[in-house]
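In what follows, a structure is listed as structure tokens, so that the remarks can point back to it.
Only heavy atoms go into these numbers, but all of them, side chains included; no hydrogens, no water, no symmetry mates.
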Amino acid sequence: MPSNDARILLQAAVPTAAVGAIAAVVSGVVAGGKGALGAIVATLVVILFMGIGLYVLQRVAKSLPHLFQAMGLLLYTAQILLLFIFVAVFKNTSLFNPKSFALTLVVTTLVWIGAQARAHMKAKILYVEPDPSKGDKPENKGHSS
């Protein structure tokens, strides 16, 4: 994973994990151990889903740049759909508190999206690749700068 991609992943995952930890503490106080467990599971699910999505999107951007925007929209739609399915499957679970899980899932997803958007805005990523062989072109030979 190139350094820009890793930096964006880190800048999205760290705030998400921090908010997830806060949610685990709050859920633990409000709903006990099962509430804290639900918040931890939700945080891990969001970091896993969104992290894999970011990785896949970066791979598509490098190999098929003309599909980047469409793939991004498809990927985010699929991620949100998968998160809703995950909530529906674990709606009546007794392993953890489903309300803490669902609330943490929504909050950490929003934090991830916001942090990722901020990281992309602050990153200085070239959207046009500079031509490395510009000095070797025939029209540039014989001209000195």
Tell me, do [X] and [Y] make a side-chain contact under 4.5 Å, heavy atoms counted?
| X | Y | value |
| --- | --- | --- |
| I47 | T108 | no |
| M50 | Q79 | yes |
| I40 | F96 | no |

Output, in order, the C-alpha distance, side-chain angles, deciding distance and verdict of side-chain contact (heavy atoms from CB on, under 4.5 Å) for T109 and I80. CA-CA 9 Å; T109 299; I80 298 300; 4.1 Å; yes
Within this structure, what is the [atom1]-[atom2] distance for the pair [X] and [Y], rounded to the nearest 0.5 Å?
| X | Y | atom1 | atom2 | answer |
| --- | --- | --- | --- | --- |
| L74 | L81 | CG | CG | 10.5 Å |
| F49 | L83 | CZ | CG | 6.0 Å |
| Q69 | L57 | CD | CG | 11.0 Å |
| L75 | I52 | CG | CD1 | 10.5 Å |

Grouping I, L, V, M, F, W and Y whenever their side-chain heavy atoms are under 4.5 Å apart, do [X] and [Y] come out in a common cluster?
| X | Y | answer |
| --- | --- | --- |
| L105 | V41 | yes |
| F86 | L95 | yes |
| V107 | V45 | no |
| L82 | W112 | yes |
| L48 | V19 | no |

Which pair of non-hydrogen atoms, one from A17 and one from T43, has the smallest distance, and what is that distance? CA-CG2, 4.2 Å
Nearest non-hydrogen partners of F101 and A42, listed with the distance: O-CB, 3.3 Å
Heavy-atom donor-acceptor pair, Q116 side chain to I8 backbone, under 3.5 Å: no
Linking Ile, Leu, Val, Met, Phe, Trp and Tyr by side-chain heavy atoms under 4.5 Å, what else ends up with V25? none
Going by atom type alone, with no hydrogens or angles, which donor-acceptor pairs under 3.5 Å involve a side-chain atom of residues 27-37 and a protein atom two or more places apart or on another chain?
| unit_1 | atom_1 | unit_2 | atom_2 | d |
| --- | --- | --- | --- | --- |
| S27 | OG | A23 | O | 2.8 |
| K34 | NZ | S94 | O | 2.7 |

More than 12 heavy atoms of other residues, nucleotides or ligands under 6.0 Å from OH of Y76: yes or no? yes
As a quick check of understanding, evaluate side-chain contact (heavy atoms from CB on, under 4.5 Å) for M71 and V56, giving each step before the final call. CA-CA 9 Å; M71 187 64 177; V56 168; 4.2 Å; yes
